[in-house]
Amino acid sequence: MNGKKKLVQINTVCNTSTGRIMGAIQREAVSRGYEAVSYVGRRKPFADMACVKFGNPLSFWLHVALTTFLDRQGYGSFLPTRKLIRELRKENPDIIHLHNLHGYYLNLPVLFRYLTEEFKGEVFWTFHDCWPFTGHCPYFTMADCHKWKTGCSHCPNKKKYPVSLMADMSRKNYEDKKNMFSALANLNIIVPSEWMKGLVQESFFRGKKVNVVSNGIDLSVFAYRKDRSVLEKYKIPDNKKILLGVAVIWDERKGLKDFVKLSEKLPDEYQIVLVGLSGKQIKKLPNNITGIMRTESQGELAALYSRADIFINPSLEESFSLVTVEAFACGTFVIVLDTSAVKELVNEQNGIVLKSHETEDYLQAIKLLEEKAPDRSTVSECAKKYDNHVVMAQMVDLYEDAAF
């Protein structure tokens with residue numbers, strides 16, 4: 001190892017928010033003198049840093065089938081996970097940092113047998129959602145389910161991701177997770193919000209130390225920019241007030257219905273712009289909602305945030321919410337709900353937190369923010385503590401405190 005400390009990270013993919021977080025951690029660790037490599041189960045690996053993809057399409061689809069019919073997310077992908085373990089033995093890292101372990105790419109018993117019986121270093125695990133302590137689902141607020149506190153069964157989210165159309169193995173999954181994860185003595189849990197910390201402390205992880213480290217963004221990208229070309233590209237009217245929403249997937253939890261209902265009551269001076277919709281969803285939109293399919297261009301997103309008059313995040317459950325921070329980093333007021341961690345990000349300087357999400361609540365909040373006549377520099381100032389360099393330094397500091 002040439003005297004350098006070695007970090008290995010494991011995640012489903014390199015893109016999306018969790019992948020970008022993993023990449024930011026790797027860059028910071030390397031700048032602090034670590035050797036670092038990331039392992040992903042699906043999609044393309046990082047092109048600009050050490051990264052290995054260990055999954056394959058056949059294993060992925062077999063894992064999907066296993067989950068869809070038998071509700072056993074985390075019990076397929078046996079051979080790819082064995083391949084990963086061989087890589088871990090070869091790398092012999094000082095630290096293994098886990099991210100999302102769901103996503104049809106990893107065999108939990110194989111991985112945790114290695115972590116418990118062989119690995120001598122420190123294990124860090126960032127909980128990006130609630131899946132590590134439930135018997136099935138990553139989110140449960142909409143279902144108002146509290147079974148995860150004592151033992152899952154008869155899961156109300158069985159037909160939601162990770163979808164199971166037949167069996168309900170939530171009780172067995174819960175007990176398996178509890179036994180596997182609790183046996184890991186060298187586990188350091190990281191969550192991105194106080195809200196998530198509270199949930200973890202009510203789960204079977206109660207008694208474990210939990211560190212809160214916020215997610216971070218690249219403030220050199222997400223800053224106010226006067227780029228009108230994005231309006232022309234997506235045929236967004238330049239003479240209207242823009243209400244923006246952004247999500248990777250617009251499902252029920254993300255609040256697409258709230259935007260549709262809002263569109264029915266909005267005056268003609270407004271246009272809603274939603275990023276991340278599917279082609280099928282776009283076809284069903286009313287005229288005053290412009291739908292944009294997912295974009296990998298962070299520059300385009302920053303331009304849209306900057307052009308928007310108000311950013312609205314109607315999601316019912318988030319462990320953090322990078323898109324909300326990205327919005328006020330670009331100087332745009334935000335409207336969010338008080339149902340999860342997003343409320344921790346918002347204050348009087350950058351937006352409004354709603355206790356109810358009826359259409360009239362949104363209309364009133366829009367009016368109040370417009371009356372405040374926002375100073376974009378004051379709003380964007382709130383994002384400085386979420387600067388990737390600041391946040392990821394805190395993460396690597398945790399490595400240092402725990403292991404060396």
Side-chain angles (χ1 to χ4, degrees), residues 11-12 16-18 21 73-74 97-103 108 112 123-158 160-162 170-171 173-184 187-216 247-248 251-255 313-325 336-346 353-355 357 386 391 394-395 398:
N11 191 37
T12 320
T16 74
S17 58
T18 60
I21 290 166
Q73 170 68 223
H97 191 150
L98 310 173
H99 293 276
N100 277 349
L101 300 189
H102 55 83
L108 295 174
F112 277 83
V123 177
F124 287 77
W125 189 358
T126 296
F127 292 1
H128 296 287
D129 53 43
C130 302
W131 181 87
F133 49 88
T134 74
H136 178 86
C137 58
Y139 303 103
F140 42 69
T141 298
M142 282 187 62
D144 193 27
C145 180
H146 301 275
K147 295 177 184 179
W148 54 274
K149 295 180 183 179
T150 54
C152 292
S153 64
H154 301 93
C155 180
N157 287 332
K158 183 172 79 76
K160 296 183 179 179
Y161 174 83
S170 55
R171 180 180 293 277
N173 293 337
Y174 178 91
E175 292 299 329
D176 285 353
K177 286 181 180 181
K178 182 179 180 180
N179 292 333
M180 274 189 289
F181 302 164
S182 299
L184 201 55
L187 175 62
N188 302 273
I189 299 172
I190 300 169
V191 294
S193 62
E194 292 293 338
W195 179 80
M196 272 292 290
K197 180 178 180 179
L199 296 182
V200 173
Q201 291 176 331
E202 291 186 85
S203 73
F204 59 71
F205 287 104
R206 66 178 64 87
K208 295 277 189 181
K209 184 178 179 181
V210 182
N211 297 285
V212 178
V213 180
S214 301
N215 295 336
V248 175
D251 55 16
E252 187 179 4
R253 173 177 63 90
K254 291 292 188 177
N313 183 354
S315 179
L316 288 168
E317 184 175 343
E318 297 290 337
S319 62
F320 183 75
S321 183
L322 282 170
V323 294
T324 300
V325 177
V336 305
L337 307 185
D338 74 343
T339 52
S340 63
V342 192
K343 61 186 177 184
E344 297 174 25
L345 307 173
V346 180
V353 179
L354 299 181
K355 296 185 180 299
H357 59 112
Y386 304 108
V391 172
Q394 295 171 2
M395 189 75 72
L398 288 179

Query raised in the report: Can you check side-chain contact (heavy atoms from CB on, under 4.5 Å) on Val191 and Val200, steps first, answer last?
Result: CA-CA 9 Å; Val191 294; Val200 173; 3.9 Å; yes
Requested in this report: Using modelled atom types only, decide if a donor and an acceptor are shared between the side chain of Thr339 and the backbone of Leu316 within a distance under 3.5 Å.
Outcome: yes
Report summary line: Correct closest heavy-atom pair for His99 and Asn11 would be CB-OD1, 3.3 Å
Query raised in the report: For the atom pair CD (Gln201) and NZ (Lys209), what is the distance rounded to the nearest 0.5 Å?
Result: 12.0 Å
Report task. Output the distance between atom NZ (Lys158) and atom SG (Cys152), rounded to the nearest 0.5 Å. Result -> 14.5 Å
**Report entry** Test log, rule side chain to side chain donor-acceptor pair (under 3.5 Å), inputs Ser321 and Asn313
**Finding:** CA-CA 9 Å; Ser321 183; Asn313 183 354; 3.0 Å; yes
**Report entry** Pairwise distance CE(Met395) to CD1(Ile190) - rounded to 0.5 angstrom
**Finding:** 4.5 Å
Query raised in the report: Quick check: does any side chain N or O of Asn157 sit under 3.5 Å from a backbone N or O of Tyr139, one acting as donor and the other as acceptor?
Result: yes
Requested in this report: State, yes or no, whether a side-chain contact exists between Glu202 and Trp148 at a heavy-atom distance under 4.5 Å.
Outcome: yes
Report task. Indicate yes or no for a side-chain donor-acceptor contact from Lys147 to the backbone of Pro156 under 3.5 Å, with no hydrogens or angles considered. Result -> no
Report task. Kindly say whether Met142 contributes a backbone atom to a donor-acceptor pair with the side chain of Arg253 at under 3.5 angstrom? Result -> no
Query raised in the report: Taking the side chain from Thr12 and the backbone from His102, do they hold a donor-acceptor pair closer than 3.5 Å?
Result: yes
**Report entry** His136 side chain to Lys160 backbone, donor-acceptor under 3.5 Å
**Finding:** yes
Requested in this report: Could you tell me whether the side chain of Phe124 reaches within less than 4.5 Å of the side chain of Val213, counting heavy atoms only?
Outcome: no
**Report entry** Donor-acceptor pair, side chain of Lys177 and main chain of Pro132, under 3.5 angstrom
**Finding:** no
Query - Asp251 (side chain) donor-acceptor with Lys254 (main chain) under 3.5 angstrom - result: yes
Query raised in the report: Hey, does the side chain of Glu194 reach the backbone of Glu344 with a donor-acceptor pair shorter than 3.5 angstrom?
Result: no
Query raised in the report: Between OH of Tyr161 and CG of Asp129, what distance do you get to the nearest 0.5 Å?
Result: 8.0 Å
Report task. With side-chain contact (heavy atoms from CB on, under 4.5 Å) as the test, would you mind laying out the steps for Val336 and Leu345 before giving the verdict? Result -> CA-CA 9 Å; Val336 305; Leu345 307 173; over 6 Å; no
Query raised in the report: Relative to the ring of Phe204, is the ring of Phe181 parallel (under 30°), tilted (30 to 60°) or perpendicular (over 60°)?
Result: tilted
Query - Salt-bridge present (Glu318, Lys343; N to O < 4.0 Å) - result: no
Report summary line: Here the gap from Tyr386 atom OH to Thr324 atom OG1, rounded to the nearest 0.5 Å, amounts to 10.0 Å
Query raised in the report: Going by heavy atoms in the side chains, are Leu322 and Ile21 under 4.5 Å from each other?
Result: yes
Requested in this report: Determine yes or no for a side-chain-to-main-chain donor-acceptor pair under 3.5 angstrom, with Arg171 supplying the side chain and Gly135 the backbone.
Outcome: no
Requested in this report: Nearest 0.5 Å please: distance from the OG atom of Ser170 over to the NE2 atom of His154.
Outcome: 8.0 Å
Query raised in the report: How about Cys130 and Glu317: do any of their side-chain heavy atoms sit closer than 4.5 Å?
Result: yes
Requested in this report: Determine whether Val342 and Leu337 make a side-chain contact, defined as any pair of heavy atoms from C-beta on separated by less than 4.5 Å.
Outcome: no
Requested in this report: Check whether any side-chain heavy atom of Trp131 sits under 4.5 Å from a side-chain heavy atom of Asn100, and report yes or no.
Outcome: no
Query raised in the report: Would a 4.5 Å heavy-atom cut-off, applied to side chains only, mark Met196 and Ser319 as touching?
Result: yes
Query - Parallel, tilted or perpendicular: ring planes of Trp125 versus Phe127, cut at 30 and 60 degrees - result: perpendicular
